[in-house]
Amino acid sequence: MKIDRTILKSLPLFERMTDADLDSMLQHALPRRIAPGDAVFEQGARAKSFFLLLHGRLKVTQVTQDGQQIIVRMVHPGDLFGFAMALRREDYPGTAVAAAESLVIAWPTDMWPRFVEQNPRLAVTAMQTIGQRLEEAHTRIREMSTEEVEKRVAHAVLRLSKQAGRPVETGIRIDFPISRQDIAEMTGTTLHTVSRILSAWEAKGMVKGGRQKLTVTDPQKLLNLADGIRD
């Protein structure tokens, strides 16, 4: 499979690179299709590559010391991920699994310094990405430490609708398969609790569910709940 340089050129990260530099990058690129449920890499594995998501969605999970699996972030089209070298790590801190059929480009990890030299925006973007992840991690830690479960779930669903929402006739649909178990792993709670909360929200007309589908039908009510404003 060959990736056309215009695909990279359309992404903000690469838009200022010359065609020659883009062609040089693509000479070393390995495109991979990832089926839903398959892993791009596993937690603890040696970080041999870093990646760019072109299409689809990925969820990055970690297994804690007590054996609990949590979803630490979602990867969206145009995102760089797996760049362990920028984190001064030799292994992947989590497992990246396709939530939908996905297309990624992989490059050897030892090419990262060359990429940064050719495109300083990569280094800036990596720093911004790390900063955003830290900020989101701190927000989630604060939510899990101080907020009741329903508010945590509301914040998680609102983040997903903002990052991956698609307007539809009935509201804002999260545009990839998302299960109640996924939401439980994002919010540090149980499947039973998430199911109870979403069922109550459906009864109130705030969301509409389905098999691995979720649509926010009343974003303002959900936002009010997340902010602690009761009707």
Side-chain angles (χ1 to χ4, degrees), residues 11-12 33-40 51-62 69-81 94-104 129 132-133 135-137 139-141 143-144 147-229:
L11 300 174
R33 290 195 181 278
I34 313 296
D38 286 354
V40 182
F51 306 86
L52 172 71
L53 180 62
L54 288 181
H55 174 75
R57 305 280 174 180
L58 305 173
K59 56 185 179 182
V60 180
T61 65
Q62 286 183 344
Q69 178 171 289
I70 58 173
I71 295 176
V72 294
R73 66 176 290 234
M74 300 299 299
V75 182
H76 305 284
D79 285 354
L80 282 173
F81 64 103
T95 299
V97 177
E101 185 168 339
S102 301
L103 175 62
V104 305
T129 300
Q132 288 168 357
R133 291 179 194 171
E135 183 178 359
E136 185 170 326
T139 297
R140 291 176 62 181
I141 289 169
E143 289 171 1
M144 285 191 279
E147 294 185 350
E148 61 186 40
V149 175
E150 189 176 27
K151 287 180 67 175
R152 299 204 306 261
V153 175
H155 280 299
V157 171
L158 286 168
R159 273 195 291 268
L160 288 172
S161 66
K162 181 179 179 180
Q163 295 168 343
R166 178 169 60 89
V168 294
E169 187 176 347
T170 53
I172 302 172
R173 179 176 171 179
I174 296 171
D175 202 21
F176 63 91
I178 183 77
S179 69
R180 295 184 172 191
Q181 181 63 43
D182 290 335
I183 296 173
E185 292 176 10
M186 289 177 187
T187 54
T189 188
T190 65
L191 172 61
H192 173 76
T193 300
V194 169
S195 295
R196 175 176 54 79
I197 289 170
L198 291 182
S199 295
W201 289 357
E202 284 194 69
K204 295 177 182 178
M206 296 164 61
V207 301
K208 182 178 180 181
R211 183 171 175 80
Q212 295 201 334
K213 295 179 182 178
L214 187 62
T215 301
V216 178
T217 51
D218 195 332
Q220 188 58 53
K221 272 191 179 179
L222 196 59
L223 181 60
N224 288 346
L225 193 155
D227 289 341
I229 302 172

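Computed from a prediction, not measured in an experiment: that's the story for all the values here.
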Could you pull out the closest heavy-atom pair between [X] and [Y], with the gap in Å?
{"X": "Val207", "Y": "Leu198", "value": "CG2-O, 4.0 Å"}
{"X": "Thr187", "Y": "Ala156", "value": "CG2-CB, 3.6 Å"}
{"X": "Ala98", "Y": "Leu58", "value": "CA-CD2, 3.5 Å"}
{"X": "Leu191", "Y": "Gln181", "value": "CB-OE1, 3.4 Å"}
{"X": "Leu53", "Y": "Phe81", "value": "N-CE2, 3.8 Å"}
{"X": "Ile183", "Y": "Val153", "value": "CG2-CG1, 4.0 Å"}

Roughly how far, to the nearest 0.5 Å, is the [atom2] atom of [Y] from the [atom1] atom of [X]?
{"X": "Asp79", "Y": "Met74", "atom1": "CG", "atom2": "CE", "answer": "10.5 Å"}
{"X": "Glu101", "Y": "Arg33", "atom1": "CD", "atom2": "CZ", "answer": "6.5 Å"}
{"X": "Phe176", "Y": "Asp182", "atom1": "CZ", "atom2": "CG", "answer": "7.5 Å"}
{"X": "Ile70", "Y": "Lys59", "atom1": "CD1", "atom2": "NZ", "answer": "13.0 Å"}
{"X": "Thr215", "Y": "Arg166", "atom1": "OG1", "atom2": "CZ", "answer": "8.5 Å"}
{"X": "Leu160", "Y": "Arg173", "atom1": "CG", "atom2": "CZ", "answer": "13.5 Å"}

Any side-chain heavy-atom pair from [X] and [Y] closer than 4.5 angstrom?
{"X": "Asp218", "Y": "Leu222", "value": "no"}
{"X": "Leu225", "Y": "Met206", "value": "yes"}
{"X": "Lys221", "Y": "Trp201", "value": "no"}
{"X": "Gln62", "Y": "Gln69", "value": "no"}
{"X": "Leu54", "Y": "Leu11", "value": "yes"}

Exercise. Using atom types as modelled and distance alone, determine if a side-chain donor or acceptor of Thr217 lies under 3.5 Å from a backbone N or O of Gly205.
Key: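 Side chain of Thr217 to backbone of Gly205, a donor-acceptor pair under 3.5 Å: yes, one is there.
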
Self-check item: side-chain contact (heavy atoms from CB on, under 4.5 Å) between Glu185 and Ser179, worked out
Solution: CA-CA 10 Å; Glu185 292 176 10; Ser179 69; over 6 Å; no

Quiz item: Is any NZ, NE, NH1 or NH2 atom of the basic residue among Glu202 and Arg180 found under 4.0 Å from an Asp or Glu carboxylate oxygen of the other?
Solution: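 Here Glu202 pairs with Arg180 in a salt bridge, since their nearest N and O are under 4.0 Å apart.
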
